[in-house]
Protein chains: 2
Amino acid sequence: MDQKSPQAKPLKKPITIKDIAERLKVSVATVSRALRGSTEIKPETKEAVLKMAKDLDYHPNLLASSLSSKRSKIIGVVVPTINRFFWSNSISGIENIAYKENYKVMIFQSGESYKKELEIVETLANSRVDGIIIAFSKETTNYDHIESVMNRGIPVTLFERVTESIKTCKIVTDDFAGAKEITEHLLARNRRRIVHIGGPRSLEVCRERLAGYRAALREQGIAPDPNMEIELSEFSFDTGGETIERLWRRLEKPDALFCFADIIAIGALHAAHNLGISVPEELAIAGFGDDITSKFIRPALTTMAQPSFEMGQTAAKMLLHSILENEVQEDCDCISVKPTLMVRDST
Amino acid sequence: MDQKSPQAKPLKKPITIKDIAERLKVSVATVSRALRGSTEIKPETKEAVLKMAKDLDYHPNLLASSLSSKRSKIIGVVVPTINRFFWSNSISGIENIAYKENYKVMIFQSGESYKKELEIVETLANSRVDGIIIAFSKETTNYDHIESVMNRGIPVTLFERVTESIKTCKIVTDDFAGAKEITEHLLARNRRRIVHIGGPRSLEVCRERLAGYRAALREQGIAPDPNMEIELSEFSFDTGGETIERLWRRLEKPDALFCFADIIAIGALHAAHNLGISVPEELAIAGFGDDITSKFIRPALTTMAQPSFEMGQTAAKMLLHSILENEVQEDCDCISVKPTLMVRDST
DNA sequence: GTGAAAGCGCTAACAA
DNA sequence: TTGTTAGCGCTTTCAC
């Protein structure tokens with residue numbers, strides 16, 4: 001019953017270009033050229049090779065190919081999580097462009113862990129991908145791993161979660177403008193006690209959103225109040241809910257909430273419902289990101305829409321440009337994308 | 001201005017084990033052994049190698065390593081999309097196990113396209129991954145690509161979207177039981193005109209859910225009615241919405257909806273709201289999958305919860321087992337996981 | 001147009 | 001414990 005089968009895997013060893021060459025009595029070089037569609041080859045020879053490859057059920061070994069050509073036609077993408085709409089949709093945008101240019105996309109998630117991000121980036125570089133698009137984890141404050149990769153000649157494009165300290169192509173949301181605009185919207189709705197639920201200050205994204213919020217207040221002569229600025233370290237529905245419960249125990253309750261991410265706002269909305277708080281009458285709630293859920297919850301969430309798919313496309317274009325140009329990236333641009341205010345029922 | 005910089009990439013060529021060997025006046029074999037933590041090596045030698053590697057800023061070339069060792073320590077995962085909770089959460093489960101065993105996970109999405117699935121699987125195999133976990137696209141009805149990969153000695157585990165025609169490890173939801181249970185729940189709520197919105201029959205998943213629905217009806221003496229069975233080919237919020245609009249033009253309106261996926265149910269819920277249909281009084285709506293959104297919409301959606309994270313973990317365990325055992329997979333098991341009914345406000 | 005040959009960087013017998 | 005020596009399968013000069 002538990003006797004091992006004598007010949008485990010069907011280890012008839014794979015067909016290589018050498019096999020094709022021998023059968024055809026040509027050199028491996030010729031076969032290689034034919035397979036790669038090189039021009040300097042006689043059409044008949046090429047056809048013969050292609051036919052033989054098919055007959056023998058030949059499959060190229062990409063490892064060998066990449067090793068000797070020093071090109072993999074693969075780009076690596078690192079995001080904090082694929083579990084949220086913004087990230088997964090960005091990736092679709094990246095793939096959309098990459099596949100057109102015949103590049104494959106390898107997706108990795110850091111899970112917001114710096115350690116895992118390090119590992120992934122190192123693996124990617126050691127696997128000789130042609131380029132990397134990365135959005136930093138919330139824990140990342142040291143960027144040596146990126147410098148190292150770039151020094152090794154691998155182009156890197158920073159995406160959304162970026163840092164000023166690295167000179168390379170970047171694409172980000174104009175978080176300052178977006179946060180300012182949505183705060184102004186709240187102010188225009190006659191809200192004065194607007195609480196900002198922000199994310200970890202280690203992220204530029206979060207700092208910018210906070211700054212935009214403050215700027216809008218100041219313009220209305222309202223001095224930013226530390227009590228009205230909450231800093232979260234976790235991104236989840238639950239933290240949004242817990243926060244609102246804490247806020248509601250205060251003497252002076254807020255009349256509006258601007259959350260740095262939809263996921264937080266949705267959690268808050270849910271908790272508000274359970275606490276019997278009427279939205280938007282008693283409390284207006286706004287998010288950021290236009291998560292796909294935001295349109296479907298009730299009341300539908302007011303938020304800033306980020307064109308994630310297009311941002312992914314742009315990132316891919318920038319990276320492919322760096323790869324193909326093979327230039328130093330010193331002079332690369334930083335693109336800032338304006339988000340769009342989506343006014344819905346929650347404000 | 002547009003003059004190219006003379007030295008493009010910093011092409012100081014990478015340090016290899018040969019460089020380390022020369023500096024240390026040992027052989028490359030020794031260096032290789034030290035780096036891989038082989039036991040048959042003198043501790044001092046090992047230390048010296050490690051130190052030199054660090055000093056020289058050595059980074060291993062995984063391509064070369066995999067090429068010669070014929071192991072990559074990478075498993076490939078192919079899913080229709082990472083954009084939905086079930087899939088992204090399954091992947092987290094896979095990663096959770098894989099990383100513990102020191103395997104990296106490469107994620108790919110087929111976008112529900114058979115052609116792209118083919119390409120991805122071929123690339124994965126040609127990149128000599130150690131194993132593949134795959135959930136088929138909705139278009140996939142031919143499984144030769146999987147047979148081919150398995151014949152080449154690469155273990156494959158089928159995940160959720162499977163086929164009977166391939167003998168290998170599989171893990172699926174018990175869709176029949178789940179669909180039957182949720183339909184029974186609807187019946188218990190005194191619904192008799194229950195419409196099933198199903199997915200493409202090409203997917204076993206969808207056929208099973210339909211079968212479960214029918215079985216529940218039959219047990220109550222209700223004959224399945226083709227007019228009450230709708231087949232969708234797209235998975236999106238919009239199709240859910242459009243469908244309910246069509247249904248509502250009928251003379252005899254349904255009193256319940258069992259959608260084969262939450263995303264459809266959520267779209268329907270949204271459309272119902274816009275049409276002024278009261279849920280659940282006039283129309284009960286149930287989904288399948290317990291998408292993260294389902295808990296937060298109003299009314300909260302009744303659905304079947306699939307333990308996606310755990311299913312991912314199990315898939316990874318099965319695959320790793322096949323990889324490590326290096327056995328033929330003929331006798332592999334097929335695990336079927338029972339989903340859990342989550343009764344909420346929509347029914 | 002084609003072939004010969006030298007690698008790409010690493011692993012893995014087999015010897016020593 | 002270490003070194004020698006073939007490769008792994010493919011690409012890419014450089015001749016012919």
Side-chain angles (χ1 to χ4, degrees), chain A residues 11-50 52-53 56-74 123 125-130 152-153, chain B residues 11-50 52-53 56-74 123 125-130 152-153:
Chain A
L11 272 188
K12 41 172 192 238
K13 72 167 170 358
I15 305 296
T16 70
I17 54 171
K18 201 175 155 208
D19 298 312
I20 300 180
E22 279 169 4
R23 296 273 200 309
L24 251 30
K25 308 218 177 306
V26 296
S27 73
V28 290
T30 302
V31 176
S32 172
R33 281 190 274 253
L35 256 19
R36 260 173 311 113
S38 167
T39 49
E40 45 179 24
I41 192 164
K42 195 158 59 171
E44 300 95 84
T45 320
K46 183 171 168 180
E47 262 176 49
V49 169
L50 258 30
M52 182 60 76
L56 295 180
D57 192 31
Y58 165 79
H59 298 274
N61 184 323
L62 263 28
L63 294 176
S65 164
S66 301
L67 179 60
S68 72
S69 72
K70 295 174 180 326
R71 272 179 286 101
S72 64
K73 289 291 217 174
I74 290 179
T123 303
N126 294 347
S127 301
R128 301 295 186 265
V129 295
D130 289 350
R152 293 198 255 156
Chain B
L11 271 188
K12 40 174 192 232
K13 72 166 172 351
I15 304 295
T16 70
I17 55 171
K18 202 174 154 207
D19 297 312
I20 299 180
E22 279 169 5
R23 295 275 198 308
L24 250 32
K25 308 215 177 308
V26 297
S27 74
V28 291
T30 302
V31 176
S32 173
R33 281 189 274 253
L35 256 20
R36 262 174 308 118
S38 167
T39 48
E40 44 181 27
I41 192 165
K42 195 158 58 170
E44 300 95 84
T45 321
K46 184 171 168 180
E47 264 176 50
V49 170
L50 260 29
M52 182 60 76
L56 295 180
D57 193 31
Y58 164 79
H59 298 274
N61 184 324
L62 264 27
L63 294 175
S65 165
S66 301
L67 179 60
S68 72
S69 72
K70 297 178 180 319
R71 271 178 287 100
S72 64
K73 290 293 220 173
I74 290 180
T123 303
N126 294 346
S127 300
R128 300 295 185 267
V129 295
D130 289 350
R152 294 198 256 156

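Fair warning: this is a prediction, and the values are worked out from it, not measured in the lab. Lettering follows sequence order; numbering is per chain, from 1.
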Measure from [atom1] on [X] to [atom2] on [N] and round the result to the nearest Å.
| X | N | atom1 | atom2 | answer |
| --- | --- | --- | --- | --- |
| B:Asn61 | D:dG9 | CG | P | 17 Å |
| A:Glu22 | D:dC10 | CD | P | 13 Å |
| A:Lys18 | D:dA6 | NZ | C1' | 12 Å |
| B:Leu67 | D:dG7 | CG | C1' | 9 Å |
| A:Lys70 | D:dG9 | NZ | P | 19 Å |

Is the backbone of [Y] close enough, under 3.5 Å, to the side chain of [X] for a donor and an acceptor to pair up by distance?
| X | Y | value |
| --- | --- | --- |
| A:Ser127 | A:Thr123 | yes |
| B:Ser69 | B:Ser65 | yes |
| A:Thr30 | A:Val26 | no |
| B:Asp130 | B:Ser72 | yes |

At under 4.0 Å between heavy atoms, what does [X] touch on the DNA or RNA strands: base, sugar-phosphate, or nothing?
| X | answer |
| --- | --- |
| A:Lys46 | nothing |
| A:Ser66 | nothing |
| A:Ile41 | sugar-phosphate |

Problem - chain A contact limits on DNA chain C, taken 5' to 3' with a cut-off of 4.0 angstrom to heavy atoms - result: C:dG1 to C:dG9
Handout entry: Evaluation steps, side chain to side chain contact (heavy atoms under 4.5 Å, CB included), between A:Ile20 and A:Tyr58
Key = CA-CA 8 Å; A:Ile20 300 180; A:Tyr58 165 79; 3.8 Å; yes
Problem - Residue met sooner reading DNA chain D from 5', once A:Ile15 and B:Ser27 are mapped to nucleotides - result: B:Ser27
Practice task
State, yes or no, whether a side-chain contact exists between B:Leu35 and B:Leu50 at a heavy-atom distance under 4.5 Å.
Solution key: yes
Practice task
Respond yes when some side-chain nitrogen or oxygen of A:Lys13 is under 4.0 Å from OP1 or OP2 of D:dC8, and no when none is.
Solution key: no
Problem - A:Asn61 and B:Arg128: CA distance, side-chain angles, deciding distance, side chain to side chain contact (heavy atoms under 4.5 Å, CB included) verdict - result: CA-CA 8 Å; A:Asn61 184 323; B:Arg128 300 295 185 267; 3.6 Å; yes
Nucleotide N/O to protein N/O under 3.5 Å, stretch nucleotides 12-16 of chain D:
| unit_1 | atom_1 | unit_2 | atom_2 | d |
| --- | --- | --- | --- | --- |
| D:dT12 | OP1 | A:Arg71 | NH2 | 3.4 |

Fill in the blank from the handout: Tightest non-hydrogen contact, residues B:Leu56 and B:Ile15, listed as O-CG1, 3.3 Å
Practice task
Rounded to the nearest 0.5 Å, what's the gap from CZ on B:Arg33 to NZ on B:Lys42? Could you check?
Solution key: 13.5 Å
